[in-house]
Amino acid sequence: MPLLSAKIAQKAIGDHAPPGRLVCMVDLSSAFASNAGPANPDMPEGEFRQFGKTVIDWIAAYLDDPRRYPVRAIGQPGDLRRRLPPAAPVEGEPMEQILRDFDQLIMPMVTHWNHPRSFAYFSISSSAPGILAETLIAALDVNAMLWKSCPAATELEQTTVAWVLDWLGLPSAWFGMIVDSASNAVLQAVVAARQRAEPESRAVGPSRRLVAYVSEHTHSSVEKAAMAAGIGRSNIRHIAADTRFSMSAAALAEAIRSDITAGLKPFFVAATVGTTSSTAIDPVGDISETCSANGLWLHVDGAYGGTFGVLPECRHFLDGVERADSFVVNPHKLMMVPLDCSLFFTAAPEMVRAAFALEVEYLKTDVHGAIDYMDYGLALGRRFRALKLWFVMRYFGREGLVAILRRSMAMAAWLGERISGDARFDLAAPVNMGLVCFRSRHGNEATKGLMNRINDGGVFFVSHTVLAGKFTIRVAIGNIRTEWQDVERLWDAISKQ
Ligand code: PLP
């Protein structure tokens with residue numbers, strides 16, 4: 001690579017710099033030339049308006065009739081890569097061509113999560129107001145790392161997380177922030193808990209004595225977070241669950257006692273409101289008593305189930321959560337907010353800050369009395385996620401969200417009744433939220449075969465888990481565009497197999 005020419009280098013560093021001193025490793029002479037290109041190399045405004053309309057029209061049509069797409073991509077690994085060039089273009093390409101390729105190459109390999117017949121994993125919804133907000137977020141492209149780096153982003157974040165606490169009836173004094181995922185939220189919780197248990201861990205790392213507790217149904221993200229925080233897997237206990245898949249508070253208390261007797265240092269428990277496999281609810285109140293008696297940090301994972309706290313008839317799901325040290329709920333699961341938007345709450349923000357804040361010169365600020373969210377987690381760069389949460393909460397309002405959730409729950413309950421009334425099937429878990437877990441009475445292979453047949457045509461997408469040692473089909477109902485006919489058609493597909 002040619003070095004900066006001596007003449008330009010001299011110009012760049014000014015008269016005070018000694019001639020010949022190395023300033024830059026790149027030859028910028030062409031950039032100074034008058035024909036170096038337009039002042040603004042971005043897409044011209046007229047073109048942006050034209051394609052902006054095209055894209056919004058495309059989205060409107062997609063949202064209006066997503067059923068014309070098979071919900072699950074039907075292809076083989078490598079199908080798309082074979083059709084894409086191995087290297088990025090050297091010269092820019094026209095937008096028409098990019099959009100054409102999006103339709104012809106990308107769309108056939110898309111699995112449509114934002115689809116009324118997407119019942120796999122946990123269904124999610126990117127609602128229209130959320131999509132509009134995402135567009136504005138991209139346009140502003142702010143970084144909410146410091147209050148100073150975008151006051152609106154920080155203060156809207158403080159406001160919207162407080163609104164969610166209010167909707168869920170949780171302590172208004174809690175500190176809240178928006179992160180990308182429940183996985184990162186629990187990492188923050190584990191590191192803060194480690195900080196409280198071993199303040200010296202910030203300087204020298206954790207001892208080998210710290211022990212964390214999850215149930216056999218806790219989401220894998222908790223165990224991953226503990227591993228990442230230096231808690232070896234051998235110090236992560238999997239507490240047995242009862243017949244309804246809820247963590248046994250008695251078994252937890254016994255495990256903690258036994259670890260203390262063995263000279264270990266129990267420090268962290270994760271309880272779940274709405275487990276991934278079956279939407280079971282752990283006895284948070286009882287668990288919290290054991291935690292406070294023994295000084296353990298209690299994290300409650302409400303990534304999926306937490307949102308149901310907005311329904312008066314389901315608010316008891318969150319009983320005891322007010323005693324937690326931290327709590328996570330994912331508006332990108334059931335609050336109609338597009339991925340990614342996960343809320344991390346804590347009653348001990350000073351511990352989170354003590355674990356994560358690190359002063360560096362280039363991020364110092366002269367602003368006092370404001371939150372700098374970068375001090376409370378791993379990420380420095382933080383998207384303006386509060387904007388989409390704000391749009392969605394305002395557009396639907398509490399009552400709108402309540403109506404959507406009630407409809408999903410009613411559909412799940414209806415499907416659960418059909419299944420439990422059919423002698424060929426067993427419900428594998430109570431239907432208490434939007435998830436229906438069931439299996440064929442003919443065993444694992446029959447259940448697996450049934451799932452494959454349901455999914456084969458691409459009309460529906462359901463997923464699986466294992467409950468009580470048996471292969472189980474999961475039907476998660478919760479997409480904003482799911483209608484009764486979608487669930488009725490699914491029941492037809494199940495019952496006609
Ligand atoms: N906790 C529960 C109960 C989940 O079901 C999931 C994902 O489905 C997670 C945590 C992880 O969420 P995220 O994808 O936001 O990390």
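Whatever order the structure lists ligands and atoms in, that order sets their numbers, starting from 1. Numbers here are sequence positions counted from 1.
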Ligand 1 versus Tyr121, non-hydrogen atoms closer than 4.0 Å: side chain, backbone, both, neither?
neither
A student checking ligand 1 against Ser221 at a 4.0 Å heavy-atom cut-off should list atoms 10 (C)
Distance col, row Met227:CE vs Glu223:CD, nearest 0.5 angstrom, shows 6.5 Å
Would you call the rings of Tyr121 and Phe461 parallel, tilted or perpendicular if under 30° counts as parallel and over 60° as perpendicular?
perpendicular
Looking at Arg353 and Glu350, is any side-chain nitrogen of the basic one under 4.0 Å from a carboxylate oxygen of the acidic one?
no
Starting from atom 13 (P) of ligand 1, which protein heavy atom do you reach first, and at what distance in Å?
Ala182 N, 3.6 Å
Close-contact set for ligand 1 against Gly274 heavy atoms, below 4.0 Å
3 (C)
Looking only at protein heavy atoms, which one is nearest to atom 14 (O) of ligand 1, and what is the separation?
Lys333 NZ, 4.2 Å
Counting heavy atoms under 4.0 Å, the part of Asp180 that contacts ligand 1 is neither
Do Phe175 and Phe344 have ring centres separated by under 6.0 Å?
no
Asp65 bridged to Arg68 by N-O distance under 4.0 Å:
yes
So, taking the atom named CE in Met247 and the one named CG in Asp282, what distance separates them when rounded to the nearest 0.5 Å?
5.0 Å
With a 4.0 Å heavy-atom cut-off (strictly under), which part of Ala303 contacts ligand 1: side chain, backbone, both or neither?
side chain
Atom 1 (N) of ligand 1 [closest protein heavy-atom partner, distance rounded to 0.1 Å]:
Asp301 OD2, 2.6 Å
Any heavy atom of Ser342 closer to ligand 1 than 4.0 angstrom?
no
Taking the six-membered ring for Trp, are Trp174 and Phe327 parallel (under 30°), tilted (30 to 60°) or perpendicular (over 60°)?
tilted
If you scan protein heavy atoms around atom 5 (O) of ligand 1, the nearest is Thr276 OG1, 2.9 Å
Which ligand 1 atoms are under 4.0 Å away from a heavy-atom of His332?
15 (O)
Could you tell me if the side chain of Leu378 sits less than 4.5 Å from the side chain of Gln188, heavy atoms only?
no
Among non-hydrogen protein atoms, atom 11 (C) of ligand 1 lies closest to His219 CE1, 3.5 Å
Is Tyr304 close enough to touch ligand 1? Criterion: a residue heavy atom under 4.0 Å from a ligand atom.
no
Can you pull out the closest protein heavy atom to atom 16 (O) of ligand 1? Residue, atom name and distance to 0.1 Å, please.
Ser183 OG, 2.5 Å
A side-chain contact here means heavy atoms from C-beta on lying under 4.5 Å apart; do Tyr213 and His238 qualify?
no
